[in-house]
Amino acid sequence: MKKKVLSVLLASAMVLSLVACGSEEGSGDAASTGSEASNTTDSAATSTDTGSSDAATTEPAAAEEFVLDNLYIVVDGTLTATVDSGQAEFEAQWEEAVGEKLGHPIDLHINQIDHSGYTSTVSQLLATSTPGEEGYPDAMIMSASMFREYSTTGILWDMADAYANAEFQSRVTLPSVNENMKTADGKLYGFAPTYGNGCVTYIKQSWLDAVGMSVDDIKTFDDYYNMLKAFTEQDPDGNGSDGTYGVIAAGFGKLDEAPFINYMPEFWQGAYPSFYQKDGQWVDGFTEQATIDALARLAQAYADGVIDPDTEEAGTKQAREKFFSNDQSTSEGVFTYWAGTWLRTLTNNMSKNEVDDDLGDDRLVQLPPIKEIKDTWGGYINREAPVWVITDDGDGDNTREQAIFDALLETMLDGDRVQTLWTYGAEDVHWSIHAEEFTTNADDPEKKKDYSYEEGQFHLKQSPNDPNTVWKKNHLDAVLVIAPLTNGYVDNDDLVTKGNQFFTTNCVDAPAAAACETLTNVQSDLVDYKKALMNSVVAGEMTPEDAIADYNDEWGDTVEQILSELNQ
Amino acid sequence: MWNARGYYLMFLPVFIYVLIVYYWPMLGVRYAFYDYSIKNFEFIGLENFKSMFSTKDFWRAFSNTLQISVIKLLITTFTSVLVSVFLNEMGNMFAKKTLQTIIYLPHFMSWAVVAAIFTLFLSKSSSGFINETLKSWGVISKSIDFLHSKDWWRPIYYIINIWKETGWGTVIFLATLSGINPELYEAADIDGASRMQKIWNVTVPALANTVLIVLILNLAKVMNLFESVFVLYNTRVYKVADVISTYIYRESFMSAIPNYGYTTAVGLFKSVVGCILVLICNEASKRVRGRGII
């Protein structure tokens, strides 16, 4: 009898516990999107209502008392204060600074997603949870392409009014960055705190010296191509055998991310293998003669062996690492990559791998845009800026979204404490104004460098995750930001300044990315198809003309539909 | 039954656990009948299936799945049998055990590592070991883009599978071979049979039943092809390499705004085909060995 009673009790306990585990509402049923009360944010009207509440019943008066005490943001790798690099301190100092500004405590939750899987993870987050659920993003970073796709979904909040009334407006030096992002009817679904930046072509000085060339001699595509051939055939690394290449990039064209052509601009020249506006009309640049010519140039270069074949599958990390690898015998002489801070990062990595140590900060030279680029685009492409977006909970009431704007974006450009956090990171973790001395590479007499700062002098500290390097920046680039810091905190790295100056004097704005419903629906398949065609052409499996004919056969009707939607 | 009510009561929590953990998630298949993307959840009946059956990429993936899976199964089973017979013939136990251990090892490597190794080995660039070696031997004059060529991808894929799985595949055949009555070999010796004749007339017939069972058991799994393809394929070889699972993955996770309803429909179709294959194999198993697999 005892055993029976015990088994009944045991069974009951397990059943109850299982039922309790499985009883939680909101298992990702998208039908309830936008209709649930927030449990990450409190409102006076809904603080006792954690179930399903119709948005229409929300009392406006109560909504005005909305208090944002939890802020969930989703970021990619551009927040360099990662978990391993002082993110906890950044978060704590942000909460303290913003809490003071808002007059109430606020808890910041950062969900930092791996850069390469960012798009898919964000879509899963948005599809499997609803506004108000823990972890549902209140705000997030989006690339220009991603932003354009989402702008047609109704999931993003129109922040035009909030932006227009923001306190930082009086200090904005580059208003066009965000004004250009407004839709035809004046809606603004994303906020760019910086301008986009772009890529410039870097060449190894030592390789130029080895083949007897100078960057000043590279004026046209023919000059550029001859340089690549020399890097491939004339043993620039001096090891006595072949194996080097002219150039490497993360793909022959980055067809999934605007501005598509920036990793190999010399080959693409005036082509733009996507939808863009030409003389006021949207056109499909992939079918234009300029794209056919660009593909032919790439195919020729691939056949001649001047493009590293790893380019086809390489991501940016792999391409970078091969470029500054300590094994230069299979490396490349040319790499087109981001301007400014990346000039410093590439140089530092070459130094770390003991590549061209004798040249110091002159290891890399920047190639001014060749004639063909100047004659078409006018310069290197300044991409559309990545943006911050705020999710709209769809309740027709803006108080939650405005509160997110005030806490996150308004403070991000306050010119002072919070902007410094986003620009340089946490005080006394990433930067400091206190007197201190430190040494990088203390164990290596050749690379050892001493740093000494006086009390009150702004300076960057050693990187939290690598004491042999000096911290560079956090999320915002001080040079690219649309409203500069007002506290005078400036990091004077000559190389970064030189890189930024070079880019700004040699760049033009990228065309606006296209967005319409059909394009959003077919985008990934379309990009895959174009990428397969591009790679096949470059590998010599088909001619550019055949590739475009194939594309027209397969996608012609869809492209027509997209163009008609865009040109409406 | 009433007398065993205590046992049923004790079984109840497990039953509920199975229902919740294994069967409740299956309710997700209903999304196959919905347009389910961000901020959109609408019942659309069979539209996703109509769309799926009218999509060329889907049929290409379905056809590739069957072709790659079946050919891979036949090749790896054949090589496993071959290696098992050779191992069985080896007299030196130390050499036999050493060889067995060596050929088992690749099975324990993850597909990600295997892909990284072979991608490096087969690379077309100057760091590609195979191409550089073949060129230095004068076998080829121009590097071959093994993993990006539609002609080379499948043969390379099968070779990698043979390298990785043959050793492990020998386990069951070696177990069968160890159970062959030695008197059969002795009788063959008395009849003056050569080694090859003994293999052909004694060993191979003894293995035939096991080979058939292995084939039947694995046939039920032909739709489950993902990781090995995913880590080795690329856009240029989609025509010969894209399989149902990689197609679902791309549509679900590589799109900025995926339609989970559509991908659930494709997944459901794959499950139904897999289920039918299991039932066919079950029936085949009943006929071959007198009992089913489920």
Side-chain angles (χ1 to χ4, degrees), chain A residues 3-4 7-8 10-15 17-19 21-22 29-34 117 119-124 126-128 145-146 149-150 153-155 242-245 256 305 308-313 322 327 329-330 394 520-521 523-525 528-529 531-532 534-536 539 541 554, chain B residues 5-17 19-21 24-25 27-28 31 34-43 55-57 119 123-128 131-132 142-143 145 147-150 234-239 242 249-261:
Chain A
K3 280 182 184 171
K4 284 180 182 173
S7 68
V8 169
L10 196 63
S12 308
M14 288 184 74
V15 169
S17 66
L18 284 168
V19 169
C21 286
D29 187 334
S32 60
T33 301
T119 307
S120 61
T121 312
V122 165
S123 71
Q124 288 165 51
L126 294 171
T128 55
S145 306
M146 192 177 169
E149 289 186 52
Y150 272 86
T153 61
I155 208 165
D242 293 341
T244 55
Y245 292 99
D256 57 345
D308 188 331
D310 284 346
T311 294
E312 182 171 348
E313 289 299 313
K322 205 165 176 204
D327 177 13
S329 66
T330 57
T520 298
N521 291 337
Q523 181 79 298
S524 67
D525 289 339
D528 266 354
Y529 204 87
K531 197 173 164 190
M534 175 185 71
N535 289 342
S536 296
E541 291 173 356
E554 194 68 27
Chain B
R5 60 191 181 280
Y7 296 113
Y8 284 112
L9 205 55
M10 288 177 76
F11 171 68
L12 191 62
V14 177
F15 180 64
I16 292 170
Y17 175 83
L19 281 182
I20 292 173
V21 175
W24 186 48
L27 294 177
Y31 295 134
Y34 285 79
D35 180 6
Y36 178 15
S37 55
I38 298 167
K39 280 202 104 178
N40 198 17
F41 191 71
E42 184 189 352
F43 182 78
T55 303
K56 265 203 295 191
D57 287 357
T119 303
S123 169
K124 198 190 171 194
S125 83
S126 53
S127 53
N131 271 310
E132 291 305 302
K142 205 175 159 196
S143 293
D145 208 351
L147 287 172
H148 293 95
S149 156
K150 284 193 269 291
N234 54 75
T235 51
R236 217 164 359 126
V237 293
Y238 278 174
K239 278 186 182 163
D242 194 20
Y249 180 88
R250 268 205 327 281
E251 292 293 320
S252 300
F253 303 117
M254 305 302 276
S255 303
I257 304 173
N259 182 350
Y260 294 108

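The chains referred to below are lettered A, B, ... by the order of the sequence lines, with proteins before strands, and numbering in each begins at 1. Quick note: numbers below take in every heavy atom, side chains included, and nothing from hydrogens, waters or symmetry partners.
- Within a 6.0 Å radius of NZ in A/K531, no more than 12 heavy atoms belonging to other residues, nucleotides or ligands are found.
- Contacts of A/Q523 with chain B are absent, with no heavy-atom separation under 4.5 Å from either backbone or side chain.
- With a threshold of 4.5 angstrom between heavy atoms, B/E251 approaches chain A through side-chain atoms but not through N, CA, C or O.
- Both the backbone and the side chain of B/F253 come within less than 4.5 Å of a heavy atom in chain A.
- At a 4.5 Å heavy-atom cutoff, the contact between B/S123 and chain A is made by side-chain atoms alone.
- Within the 4.5 angstrom heavy-atom criterion, only side-chain atoms of A/D525, from C-beta onward, approach chain B.
- Heavy-atom contacts from other residues, nucleotides or ligands closer than 6.0 Å to NZ of B/K239 number 12 or fewer.
- Between A/E312 and B/R236 there is a salt bridge, since a side-chain N of the basic residue sits under 4.0 Å from a carboxylate O of the acidic one.
- When each of B/S125, B/S127, B/S126 is tested with A/D308 by the rule side-chain contact (heavy atoms from CB on, under 4.5 Å), just one qualifies, namely B/S125.
- Comparing A/S120, A/S329, A/S145 by how many heavy-atom pairs each has under 4.5 Å with chain B, the most go to A/S120.
- Scanning for ring-ring contact (aromatic ring centres under 6.0 Å, His included) contacts around B/Y8 gives an empty result, with sequence neighbours left out.
- No more than 12 heavy atoms of other residues, nucleotides or ligands lie within 6.0 Å of CG in A/D242, so this atom counts as exposed by the packing criterion.
- Heavy atoms of B/K56 lying under 4.5 Å from chain A belong exclusively to its side chain.
- Side chain of B/Y260 to main chain of A/T128: no donor-acceptor pair is present (N/O by atom type, distance under 3.5 Å, no hydrogens or angles).
- We find the OG-CD distance between B/S252 and A/Q124 to be 8.5 Å, quoted to the nearest 0.5 Å.
- Not a single donor-acceptor pair under 3.5 Å links the side chain of A/Y150 to the backbone N or O of B/I257.
- Shown here are the side chain to side chain donor-acceptor pair (under 3.5 Å) partners of A/S524, two or more places apart in sequence or in another chain: B/S255.
- Taking the side chain as every heavy atom from C-beta outward, B/H148 and A/P309 never approach each other to under 4.5 Å.
- By number of non-hydrogen pairs under 4.5 angstrom with chain B, the leading residue of A/D310, A/D256, A/N521, A/T244 is A/D310.
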